[in-house]
K.L.:
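A single structure is presented below for examination.
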Amino acid sequence: MLEIKNLHVAVEGNEILKGIDLTVKPGEVHAIMGPNGSGKSTLSYVLAGKDDYDITAGEVLFNGQNLLEMAPNERAVAGLFLAFQYPIEIPGVATMTFLKTALNAVRKERGKDELSTPEFMKLVKEKSAKLNVSQEMLRRPLNVGFSGGEKKRAEILQMALLEPALCVLDETDSGLDIDALRVVSDGVNALRSPERSMIVITHYQRLLDHIVPDIVHVMARGRIQKTGGKELAKELEAKGYADYVGEAAA
Amino acid sequence: MTVKPDIPRTPAEEELLKRFADCDPCDALSSLRETAMAHFARTGLPHRRVEAYHYTDLKALIRDVPPRGTLPADELAQATVAGAPGWGNASVNRLVFIDGHFVAGLSDAGALGEGVGFIPLAKALSEKSVILERVGALPVPESDPEVALNTAFMQDGAVLEIAPGTEVATPIEILHLATGAVASFPRHLVLVGKGASVNLVETYSGPAETAYQVHATSEVDVGEGATVTFLKRQEDGSGAMHLSTTVVRLAEEARYHQTGFAIGASVARAQSFVTFAGSGAEATLDGAILGRARQHLDTTMVIDHAVPGCNSREVIRAAIDDRAKGIFQGRIVVRPDAQQTDGRMMSRALLLSDGAEVDTKPELEIFADDVQCAHGATSGEIDEDMMFYLMSRGIPADEAETMLIAAFLEEVVDAIDPEPLREALSARIEMWLGERRRPA
Ligand SMILES: Nc1ncnc2c1ncn2[C@@H]1O[C@H](COP(=O)(O)OP(=O)(O)OP(=O)(O)O)[C@@H](O)[C@H]1O
Ligand SMILES: [Mg+2]
């Protein structure tokens, strides 16, 4: 599904990712944990195709395609979805219009028929009900005035609509109350399938109690420092990142 | 007229003075015209050292003035109106002017309804109607060269009188069309009685790549407690020069909402002068400006708070592409007596290409102490984070841009009343955005 090989990424001359290797197979759920500033969001943005980064070395294959050469929308069409840590507010664009435009753009490129307005409304109603996203919220401008939790639920709604092959969730649990965490996790778990893979970036074991990962990585100082099973997350929760930061880990 | 101008006259100025001397302005407004032309003789066309025209130097831009047009034959008139910008499903009552002349046969003058008086200016002039006393009666900045030229050469226009308390249900559109390279000087006068309400539209359109000129002036006198919306749809042809002035006076508790939609012409300058003459009145002046190619689109407004307790709001959005140029000048004046004034002006420009340019000059002149006034101006490119977010959901770059430009204009478009007119303009913007994505 995804193969990241020796990926080096710099911003304005500062190297942030210093040789990432990561392979995600179909159906796997990977968790990435790591201290603030270790490069987790940078990795997710680079995968999604944000422009601000210099890729200084390495390659990324997504189902055999050279991901780094594709425009962000092409990556979405190919099946990559990033749930943003900080979803962008877009005044003047109604959420509903945005969802329909995005879904039909993706469907068209994937060779499916575009949905008519009634078909689309029915689909959105069904998916949004499961995520406790109100119709009123969908009439508002995209993410504008949404609470932190509402923004995260809206991200998962987009993910559910676009039916990606690889979901990258960047701290989707931050800002969620306990009930919302359950709703969102259920939403994510409902999307788990033998063909669909996930990369879940989080600081908290709590999320991983709901979305149980197959593999856990510790990222620090721009590298994956350790890889293990789901017990690694529990160990981090108890001991923190002391083993992976500072000189001792070098 | 012996006063020497400080700068040698241009051929266009000489031509205008000669034309005025040659024609026989011995009509009911001749003394008004002569005063105006005397002003013009002193000032000439305004140039960059005249502050209000700094960005739109008419002395340099107006090389010649085409002749005035004549009333076209029926067939041409019909074809011209058929090609005019439409309103989709919205119903409007039209008053059609072609090359500056009222075309009764293609107008809905008879459908304006009870309480709406209408007479073409040309008819009022020939009949020496008493209504002519109201022409030029508003606080028009008579030193303004464009107003002076219009006053000197005005021939025809719409004189509308809305009786007190009348709620005019259907919008009234004053439609200006051109058939060729002519100069027109339309002059409109709209008198809105106490407590009346009306939706006015002024539309300008004409053939592409034709050097016609519009020198228009409209006076709108809004009575006590009256409500007026005024939508100015400037879709003049790509070779046209559009110079228009809107003068508004608001009586006590009046409500006025103006939207300037500027998408056409090669050079356009739309200026508005709004005076608060009675307390408790509110004015909103919005602008949606869409420029491309080498268009020069200037929106200038002066809001004069002459009395206490009035609110004014200006919201300007300019989306400028290619090598086009957008200009916004806004001045809020608060006179010493005008306590409790609330005046706010916000302009934002979106630059859609490296060659696009925007000049903004907001000014506050405040002579009272108990007031709230603010202005702000921003300009920038399309937000990259927004683009990335939309594209990360599968939306192609050109479509994402289109969505963001439409969103940028939304605040102004959304405020257009009534809704069917808003929808028609939204559709027009969509068309512009579509042409941008798929250049002809
Ligand atoms: N556009 C940028 N310009 C400059 N520095 C950047 C930029 N983006 C990221 N960085 C820097 O790169 C480092 C990694 O940031 P990143 O956001 O990837 O961390 P993170 O692991 O997601 O942290 P957190 O857990 O706080 O979300 C930080 O030091 C950050 O300041
Ligand atoms: Mg992060």
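Below, chain A is the first sequence line, B the second, and so on; all start at residue 1.
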K.L.:
Report, as yes or no, whether the 6.0 Å neighbourhood of atom CZ on B:Arg323 holds more than 12 heavy atoms from other residues, nucleotides or ligands.
P.N.:
no
K.L.:
B:Ser392 and A:Ala76: which non-hydrogen atoms are nearest, and at how many Å?
P.N.:
O-CB, 3.4 Å
K.L.:
Under a 4.5 Å heavy-atom cut-off, does chain B meet the side chain of A:Asp52, its backbone, both or neither?
P.N.:
side chain
K.L.:
Anything under 30° is parallel, anything over 60° is perpendicular, the rest tilted; go ahead and classify A:Phe84 against B:Tyr389.
P.N.:
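The arrangement is perpendicular - the two ring planes meet at more than 60°.
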K.L.:
Go through A:Val93, A:Ile90, A:Leu162, A:Val106 and name the one with the most non-hydrogen pairs under 4.5 angstrom from chain B.
P.N.:
A:Ile90
K.L.:
Rounded to the nearest 0.5 Å, how far does OG1 of A:Thr101 lie from CZ of B:Arg393?
P.N.:
14.0 Å
K.L.:
Where is the tightest heavy-atom contact between A:Ala105 and B:Ile395, given as atom of each residue plus distance?
P.N.:
CB-CA, 4.2 Å
K.L.:
Is it the case that atom CG in A:Asn66 sees more than 12 heavy atoms from other parts of the structure closer than 6.0 Å?
P.N.:
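Atom CG in A:Asn66 is crowded, with more than 12 foreign heavy atoms closer than 6.0 Å.
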K.L.:
Just so I understand: if I count every heavy-atom pair under 4.5 Å between each of B:Met386, B:Met391, B:Glu410 and chain A, which residue has the most?
P.N.:
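Greatest number of close heavy-atom pairs with chain A: B:Met391.
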K.L.:
Pick one of side chain, backbone, both or neither for A:Pro164, based on which atoms fall under 4.5 Å of a heavy atom in chain B.
P.N.:
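Contact with chain B involves no heavy atom of A:Pro164 at all.
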K.L.:
Taking side chain as everything from C-beta outward and backbone as N, CA, C, O, which of these in B:Glu399 sits under 4.5 Å from a heavy atom of chain A? Side chain, backbone, both or neither.
P.N.:
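Contact with chain A: side chain only.
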K.L.:
Between A:Glu109 and chain B, which part of the residue has a heavy atom less than 4.5 Å away: side chain, backbone, both or neither?
P.N.:
neither
K.L.:
May I ask you to list the residues in residues 110-147 of chain A that approach chain B closer than 4.5 angstrom, counting heavy atoms only, ordered by number?
P.N.:
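Residues in range: A:Leu142, A:Asn143.
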K.L.:
At a heavy-atom distance under 4.5 Å, which candidate from A:Lys108, A:Glu155, A:Met159 has the highest pair count against chain B?
P.N.:
A:Glu155
K.L.:
Which atom names give the shortest non-hydrogen contact between B:Phe388 and A:Lys50, and what distance separates them?
P.N.:
CE1-N, 3.2 Å
K.L.:
How long is the straight-line distance from CE of B:Met387 back to CG of A:Asn73, given to the nearest 0.5 Å?
P.N.:
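A:Asn73 CG to B:Met387 CE: 9.0 Å, rounded to 0.5 Å.
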K.L.:
Based on non-hydrogen pairs under 4.5 Å, which of A:Val77, A:Leu82, A:Asp51 is most in contact with chain B?
P.N.:
A:Leu82
